[in-house]
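Nothing here was measured: the structure is a model prediction, and the numbers come from that model. A note on names: the letters A, B, ... follow the listed sequences, proteins ahead of strands, and every chain is numbered from 1.
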There are 2 protein chains.
Amino acid sequence: MGDDTSLNPRHNKAEVFARLRDAHAREVTEDYVEMIGDLIAEEGEARSVALAERFGVTAATVNNTIKRLERDGYVTSRPYRSIFLTEKGETLAKKCRERHRIVYNFLVSIGVDPAVAEFDAEGIEHHVSEETLRVFDSRLK
Amino acid sequence: MGDDTSLNPRHNKAEVFARLRDAHAREVTEDYVEMIGDLIAEEGEARSVALAERFGVTAATVNNTIKRLERDGYVTSRPYRSIFLTEKGETLAKKCRERHRIVYNFLVSIGVDPAVAEFDAEGIEHHVSEETLRVFDSRLK
DNA sequence: ATAGCAATTTAGCCTTGACTAACTTTAAAA
DNA sequence: TTTTAAAGTTAGTCAAGGCTAAATTGCTAT
Ligand SMILES: [Mn+2]
Ligand SMILES: [Mn+2]
Ligand SMILES: [Mn+2]
Ligand SMILES: [Mn+2]
């Protein structure tokens, strides 16, 4: 009962923002593994040049990011060759793709224009908790 | 008809991500002006120490951010004194507070636990377009 | 009036994620 | 088989947004 967390009206706003910063730290990783998975599915392989074109960034930026993803165990790559997802990367990609799909479908289902939903879902997906995602999904049926 | 934008299955994903990066560039600013407004309303003034506590960051970080906000015309401040919103800052704060309120209320209205909604709304608010916000709001009545 | 504490600022560091320019490698065309 | 264009890499730069440690200022209690 001496617990300040839920009773104090000056509630722990700091926790909310810490979680927000956490989500931001994961966003690029999530979008990359999802996109790499998409490319492998659609084109048979994920090349830097395709990632650069789809994200609208330079090849140098893609290169930096891929190195970080490799360091963190999400992808493997060899110089001048295409990029592969590790088990860990594959798992994350699958989760993100499903989450993305649910958020997008939910927005469309409540009446958001598909083109607008495409924009908004790309950002919203990273800030939707498991619980909120379940609520979105349950509204889809 | 030669318009690639809406017909081409290799649609302009790049636009979506460009907008996402734009939204990210504005997030911290939006949360700060909103919080500064809250503090002025609740406590009569916005001090660095209160911002640091609420955001869960150090005083040095707050200082840096306030300087950026000042440079960009959202706040005014004098050394060792409290922080004030400019007209521009006030306008943005008001818009963000209202948007935040709508997103939060919408999440709660569809069955998300209020505590969870508080977390998720803090991130989602920055990625909700005017149009999606109107849809959320219209569902609230 | 001043000592000491709390608040603020400054300096210096780090990572992420972007860029340009220049270089290297690969692969396709000639 | 050689040339050349596309793809990928490297090097160097920058801003945002974090941090710690140390210096400074302002306020409060003695
Ligand atoms: Mn996505
Ligand atoms: Mn995304
Ligand atoms: Mn907010
Ligand atoms: Mn926010």
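- Between B:Glu45 and B:Arg47 there is a salt bridge, since a side-chain N of the basic residue sits under 4.0 Å from a carboxylate O of the acidic one.
- Taking a 6.0 Å sphere around NZ of A:Lys95, one finds it holds 12 or fewer heavy atoms contributed by other residues, nucleotides or ligands.
- Using a 4.0 Å heavy-atom criterion, one finds that B:Thr61 contacts the bases of the nucleic acid, with or without backbone contacts as well.
- The interatomic distance linking B:Arg78 (CZ) with C:dA7 (P) rounds to 19 Å, in whole Å.
- Listed nucleotides C:dA21, D:dG17, C:dT10 differ in distance to B:Arg68; the shortest reach to its side chain belongs to D:dG17.
- One can place CD of A:Glu30 at 15 Å from C1' of C:dT16, the figure rounded to the nearest angstrom.
- Counting non-hydrogen atoms under 4.0 angstrom, B:Thr58 reaches a base of the nucleic acid.
- Taking atom NZ on B:Lys67 and atom P on D:dG18, their separation rounds to 15 Å, with Å as the unit.
- Look at NE2 on A:His24: it is 13 Å from P on C:dA18, rounded to the nearest Å.
- The 5' end of DNA chain C is approached more closely, in terms of each residue's nearest nucleotide, by B:Ala60 than by the other of A:Gly56 and B:Ala60.
- Across D:dT10, C:dA18, C:dA11, the shortest atom-to-atom separation from the side chain of B:Arg21 is found for C:dA18.
- When rounded to the nearest whole Å, the span between CD1 of B:Ile83 and P of C:dT9 equals 7 Å.
- Using a cut-off of 4.0 Å between Lys/Arg side-chain N and Asp/Glu carboxylate O, A:Arg26 and A:Asp22 are scored as salt-bridged.
- A:Phe17 has its CZ atom 14 Å from the P atom of D:dG17, to the nearest Å.
- The side chain of A:Val49 lies closest to D:dG8, out of C:dT10, D:dG8, C:dC19.
- In this structure, A:Glu15 does not pair ionically with A:Lys13, as no charged nitrogen and carboxylate oxygen lie closer than 4.0 Å.
- Electrostatic pairing of B:Glu30 and B:Lys94 does not count as a salt bridge here, judged by no charged N lying under 4.0 Å from a carboxylate O.
- Of the candidates C:dT9, D:dC19, D:dT10, the closest approach to any side-chain atom of A:Asn63 belongs to D:dT10.
- For B:Ala59, the side-chain atoms get nearest to C:dT8 when compared with the rest of C:dT8, D:dA16, C:dC19.
- If you take CD of B:Glu45 and C1' of D:dG26, they are 13 Å apart, rounded to a whole angstrom.
- Two residues, B:Arg81 and A:Tyr80, neighbour DNA chain D, and the one matched to the more 5' nucleotide by heavy-atom proximity is A:Tyr80.
- Taking every side-chain heavy atom of B:Arg47 into account, C:dA7 is the closest of D:dT9, C:dA7, D:dG18.
- In this structure, A:Glu70 atom CD and D:dT9 atom C1' are separated by 13 Å, rounded to whole Å.
- Distance from the side chain of B:Arg71 is smallest to D:dA16 among D:dA16, C:dA18, D:dT9.
- Counting any heavy atom pair closer than 4.0 Å across all strands shown, A:Val28 reaches sugar-phosphate atoms only and no base atom.
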